[in-house]
Structure formats: structure tokens, C-alpha cells
Amino acid sequence: MSAPASEALGSQRNDESFSDIWDEIVWRGLVHVSTDEEQLKTLLAGPPVTYYCGFDPTAPSLHLGNLVQLLLMRRLQLAGHKPLGLVGGSTGLIGDPRPTAERTLNDAATVAEWVGYLQAQVSKFLSFEGDNAARLVNNLDWTAPLTAIDFLRDVGKYFRVGTMLKKDAVSARLNSDAGISYTEFSYQLLQGLDYRELYRTYGCVLQTGGSDQWGNLTSGVDLIHKSEGAAVHAIGTPLITNSDGTKFGKSEGNAVWLDAAMTSPYAFYQFWLNTDDADVVGRLKIFTFLTRVEIEGLEAAVAAEPFKREAQRSLAWHVTTLVHGEAATVAAIAAAEALFGQGDLAGLDAATLESAIAELPHVSVSPQTTVAEALVETGLTSSLGESRRAIAQGGVYVNNSKVEESATFEGTGLAGGIAVLRRGKKTLAGVRLI
RNA sequence: GGCAAGUUACCCAAGCGGCCAAAGGGAUCUGACUGUAAAUCAGACGGCUUCGCCUUCACAGGUUCGAAUCCUGUACUUGCCA
């Protein structure tokens with residue numbers, strides 16, 4: 001992430017029109033499953049409780065799925081509760097069972113490096129000041145010293161294999177032809193252990209996570225019930241889906257990351273701007289701090305004047321600002337306005353073009369370079385063959401003019417020797433001619 | 001440990017000696033229509049110096065004029081038995 005989101009922390013607040021935080025998160029569609037609702041509602045309406053959510057370092061950055069959790073954590077913190085942000089230094093070495101196939105293990109040094117990145121990202125969404133300051137924890141701290149024997153005696157004894165086999169994540173794998181290793185099968189014990197550790201150390205009584213993690217959330221609830229005799233809670237957020245059936249959080253087949261180096265603020269903004277009408281209201285509820293009244297106003301706007309995409313603009317603005325800061329968001333919008341679809345790129349001055357190009361993937365090439373080669377270099381296509389196909393299909397433009405097969409950049413330089421390369425309607429890249 | 005079945009392109013999945021760069025579906029990309037939306041329709045979808053050539057069907061070796069297809073070994077997966 002390029003800019004600290006903390007600049008936004010101070011202005012964030014929950015919607016006062018709800019009688020309590022539970023009602024608000026239910027309205028926002030953040031509760032898919034949970035332990036006893038009445039108890040949770042009462043608990044969250046009372047004095048500060050300590051809660052946690054874990055993030056495993058299976059990549060160098062968090063992604064949009066994690067953002068749902070981060071925002072839920074922040075909403076609970078705004079309601080006065082104390083967050084524990086857990087980054088899974090140990091669980092990241094194991095990997096939770098995915099429904100499809102066994103994970104490839106990452107080496108310890110890589111995971112340790114990613115732990116650092118994730119901790120930095122998590123920190124930006126929580127406040128570390130005040131009575132209910134957030135705290136970061138790493139489960140490697142209590143898992144690493146544990147011996148196999150202690151683990152089996154102090155944790156394993158509380159788990160029944162029959163119960164473990166019934167967890168969705170495990171049974172899905174057992175019923176598939178991929179099977180499951182003992183390593184991944186054991187994951188739920190580790191997560192259960194985490195919850196118990198945090199319960200003992202910090203009095204943590206609530207864990208949140210994606211509903212696909214429900215089995216892992218409840219394993220901790222059960223463990224604490226059995227070994228500590230205490231009743232604790234869990235909330236599972238819904239899996240975010242697109243109304244057209246495609247996967248949420250993918251842009252052109254790639255994950256949308258929170259790290260600006262992996263998904264640029266420009267691409268991030270575009271992702272949200274392109275949200276379906278059918279999905280945009282749900283996204284506003286989950287990913288922004290707009291109030292119910294404000295969201296209902298945008299909902300009406302979508303119904304009345306969908307072509308204005310006011311809700312999408314608002315959504316893109318708020319989420320991009322939240323993640324990348326206002327300056328980066330302004331730059332992303334300016335770049336889009338300068339570059340997008342207007343026929344008249346030649347009218348832009350060098351400074352405007354320079355800053356617009358900076359938001360896009362860009363390369364420096366000689367004017368003799370073919371457009372097909374530049375497509376590959378900027379990542380707009382992955383091979384020359386693909387470039388040729390794209391050009392043949394009429395999907396490639398330089399400075400908004402469709403190009404032919406053997407085109408080069410001769411004579412295409414705009415102000416500052418820059419050319420704008422475009423594939424399809426919305427995929428742009430910058431080319432600096434040298 | 002024994003027996004059986006399996007491992008095909010991003011995913012699912014056909015193919016069972018030549019007509020196979022490999023059916024079909026999904027995902028993805030492009031075009032048309034649009035609102036930088038959805039739906040729909042059309043095309044593309046291993047690589048390249050693209051009327052042709054090159055590299056693929058778990059891995060290694062073999063049989064054959066010729067293998068994704070047959071044989072041997074190895075790895076991994078699943079099921080049943082122990």
C-alpha cells in the first residue's frame with residue numbers, strides 16, 4: 001500500500017442510527033453464521049471485549065477477501081472493542097485445507113518475510129491508540145516452542161477425529177480425488193490452539209473469519225469449552241460472490257491485492273468502478289463506512305440513473321481511499337480521466353501525460369519497436385502470438401487509434417514522447433519513446 | 001504392506017496406435033450492442049520467424065514407420081483389503 005490508511009482512521013465511524021453494532025453488521029451483511037446470536041448481540045452491546053481475526057501469510061500481500069475481515073475488525077473496534085490482529089507465522093507454514101487441492105509448502109524464510117508484510121498491512125486498518133488499542137500477535141510465538149508430545153497431549157486429546165472429519169474443508173477434500181495430507185488435516189487444531197492461547201493471555205472471547213473458515217473457528221470455540229469450561233464466540237462472514245457467478249476479487253483472472261506494488265491504485269480503482277449494478281449496494285455496505293441513509297440514497301440513484309454509475313464512483317472512491325490514501329486515489333482518477341476513451345489525447349500536455357502514465361504499467365522503447373512487442377513488454381499480452389491475435393481481432397489501439405498487424409511506434413509520440421497503448425476497452429499501458 | 005483404478009492444456013473433462021495442439025463445458029480475452037455495467041450474439045484461447053514449423057497429454061526409458069493412446073520403471077492420488 002502506497003499511503004497509510006491511518007489518515008482515514010480518524011474519520012471512520014459506525015452508523016449512529018443503529019441501536020448497536022450487532023444490528024449494524026447484520027444489516028451490512030457481514031454475518032453469515034455465528035454462535036448464539038442473542039448472546040453475541042448482548043456481548044457486543046456491553047463493555048469492551050477482546051476479539052481476534054487471523055491472516056495467514058500464503059502470499060506477500062493481503063487481498064480483497066481479507067479486506068472484508070479487516071473492515072469488520074475496524075467496525076468492532078469503533079464500537080469500543082479490542083482487536084487482536086493475528087498473522088499466522090505458524091499456520092502459514094501449514095496452510096489451511098482448500099477445497100480443491102493440497103497446498104505447496106512455502107519455506108520458512110519466505111513465510112517469515114510475508115508475516116512482516118502482512119503485519120504492516122493489518123496495522124493500517126486498526127487504531128493502536130486509546131483504551132481499546134489494537135495489538136498484533138503472531139502464532140509462531142506460542143506454537144514454535146511447543147513439542148510434538150505436548151501438542152498431542154494438551155491439544156490433540158480434546159479433538160475427536162469423527163468431528164474433525166465432518167468439517168467441510170476436510171470432508172470436501174476426502175470426497176474429492178485429491179485427498180488430504182495429515183499436515184493440512186491438523187490445521188484446525190492449530191487454529192483452535194490459537195484461539196485458546198488468546199483466550200488465556202488476553203481474555204479473547206470472539207473470533208471472526210470467513211464462513212469458509214467456520215470449521216476452524218468452531219474448533220477453537222469447542223477447544224475452549226472443553227479445556228477451559230468457558231463459552232466463547234465466533235462470527236463467520238459470507239463468501240462475497242458476484243451476481244453473474246464469477247469470482248469476486250479477481251480482475252482479469254488475477255487477484256486484486258492490497259499492496260500497491262502488486263495491484264496499482266489505478267487498477268484497484270478501476271476494479272471497483274466496474275462493479276455490476278446488481279452488486280454495488282452490497283459492496284457499499286461491506287466495504288465502506290457510508291451510513292445506511294447514504295447507501296440507500298445511492299441505491300435509489302442506481303435504480304433511477306444507472307448509466308451515471310454514481311454508486312460505483314462512490315464505492316471506488318471510498319475503498320481506494322481507504323486502502324491507498326486520498327492522494328493516490330485522486331491520481332488514479334485523474335489518470336483515468338486523462339486517458340479514458342477520449343479521442344483527443346494529443347491535447348494533453350506532457351506533465352499530465354507523465355503523471356497518467358505513472359499509474360499504468362509502462363515501458364521505454366525505441367520508436368522502431370512493434371506494437372506487438374510492446375504489448376508483451378507492458379504485460380498487456382503474454383506472448384507475441386497473443387499480441388498478434390489481439391491486433392487481428394481489432395482490439396489494440398495506440399493513442400486511441402486502432403493499429404494494424406505490423407505497426408510500430410514511429411510518429412506516435414504525444415507530448416513528452418509518450419504513447420498510450422490500449423488493449424480492448426479498458427486495459428491501458430504507457431509507452432515512453434526513446 | 002497387498003490388490004485395483006487413476007495422473008490430459010488455467011479448471012472440469014473427452015480421447016485409448018496414424019484423421020491430435022488434442023472434443024465438450026467453465027474461466028479468460030477480443031469484437032458488436034452498451035453506461036469503462038449486465039444479458040445476448042460472434043470470434044479467439046500451447047509457442048513461434050504462423051498457408052509452415054516447434055514443444056506438449058505426471059516423470060524416465062522402451063516397442064513401432066508412427067504413441068496422449070501399447071510395455072517397463074519411478075513419483076503422486078483415490079478406493080478396497082491388511
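Proteins get letters first, then strands, A, B, ... in listed order; numbering begins at 1 in each. Owing to the predicted nature of the structure, the values given are computational and were not obtained by experimental measurement.
Across all their heavy atoms, Gln121(A) and Leu62(A) have their closest contact at OE1-N, 2.7 Å.
Nearest nucleotide to the Gln393(A) side chain, out of G47(B), G43(B), G35(B): G43(B). With A38(B), G35(B), U30(B) as the candidates, the nucleotide lying closest to the side chain of Thr427(A) is U30(B). Checking G35(B), U30(B), G31(B) against the side-chain heavy atoms of Tyr397(A) singles out G31(B) as nearest. When distances run from any side-chain atom of Gln312(A) to the nucleotides U49(B), G35(B), U36(B), the shortest one goes to G35(B). Distance from the side chain of Arg309(A) is smallest to G35(B) among U50(B), G31(B), G35(B). For Lys425(A), counting side-chain heavy atoms from C-beta on, the closest listed nucleotide (C48(B), G35(B), U34(B)) is U34(B).
The nucleotide C3(B) finds its pairing partner in G79(B), both defining distances of the Watson-Crick or G-U wobble pair being shorter than 3.5 Å. The partner of C19(B), taking Watson-Crick or G-U wobble pairs whose two distances both stay under 3.5 Å, does not exist in any strand shown. Pairing partner, C41(B): G31(B), with both Watson-Crick or wobble hydrogen-bond distances short of 3.5 Å. Using Watson-Crick or G-U wobble geometry with both donor-acceptor distances under 3.5 Å, U36(B) finds no partner in any strand shown. The pairing partner recorded for C53(B) is G47(B), the criterion being a Watson-Crick or G-U wobble arrangement whose two distances lie under 3.5 angstrom. Pairing for A13(B) is absent, judged as Watson-Crick or G-U wobble with the two contacts each under 3.5 Å. U63(B): no Watson-Crick or G-U partner with both key distances under 3.5 Å is found in any strand.
Nucleic acid contact for Ile180(A): sugar-phosphate only, since backbone atoms but no base atoms lie under 4.0 Å from a heavy atom of the residue. The residue Asp276(A) sits close only to the backbone: its heavy atoms come under 4.0 Å of sugar-phosphate atoms, none of a base. Across all strands shown, Arg423(A) has heavy atoms under 4.0 Å from sugar-phosphate atoms exclusively, and none from any base. Residue-level contact check: Gly385(A) touches the bases, meaning some heavy atom is under 4.0 Å from a base atom. Among the protein residues, Arg389(A) comes within range of the sugar-phosphate backbone only, with heavy atoms under 4.0 Å from sugar or phosphate atoms but none that close to a base. Heavy atoms of Glu102(A) sit nowhere under 4.0 angstrom from any nucleic acid atom.
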- Go through the steps for Leu421(A) and Tyr397(A) under the test side-chain contact (heavy atoms from CB on, under 4.5 Å), then give the verdict. CA-CA 6 Å; Leu421(A) 185 59; Tyr397(A) 306 77; over 6 Å; no
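The aromatic ring centroids of Trp257(A) and Phe268(A) lie 6.0 Å or more from each other.
Between C11(B) and C19(B), the distance separating the two P atoms is 25 Å to the nearest Å. Rounded to the nearest Å, the gap between the P atom of G43(B) and that of G26(B) is 14 Å.
Here the side chain of Tyr52(A) pairs no donor or acceptor atom with the backbone of Leu206(A) at under 3.5 angstrom. Glu354(A) places no side-chain N or O within 3.5 Å of a backbone atom of Ala350(A) that could act as its donor or acceptor partner.
At most 12 non-hydrogen atoms from other residues, nucleotides or ligands lie less than 6.0 angstrom from CZ of Arg160(A).
If Pro306(A) and Gly179(A) are placed on RNA chain B by their nearest nucleotide, the residue sitting closer to the 5' end is Pro306(A). Sequence order on RNA chain B of the closest nucleotides to Thr275(A) and Arg173(A) puts Thr275(A) first from the 5' end.
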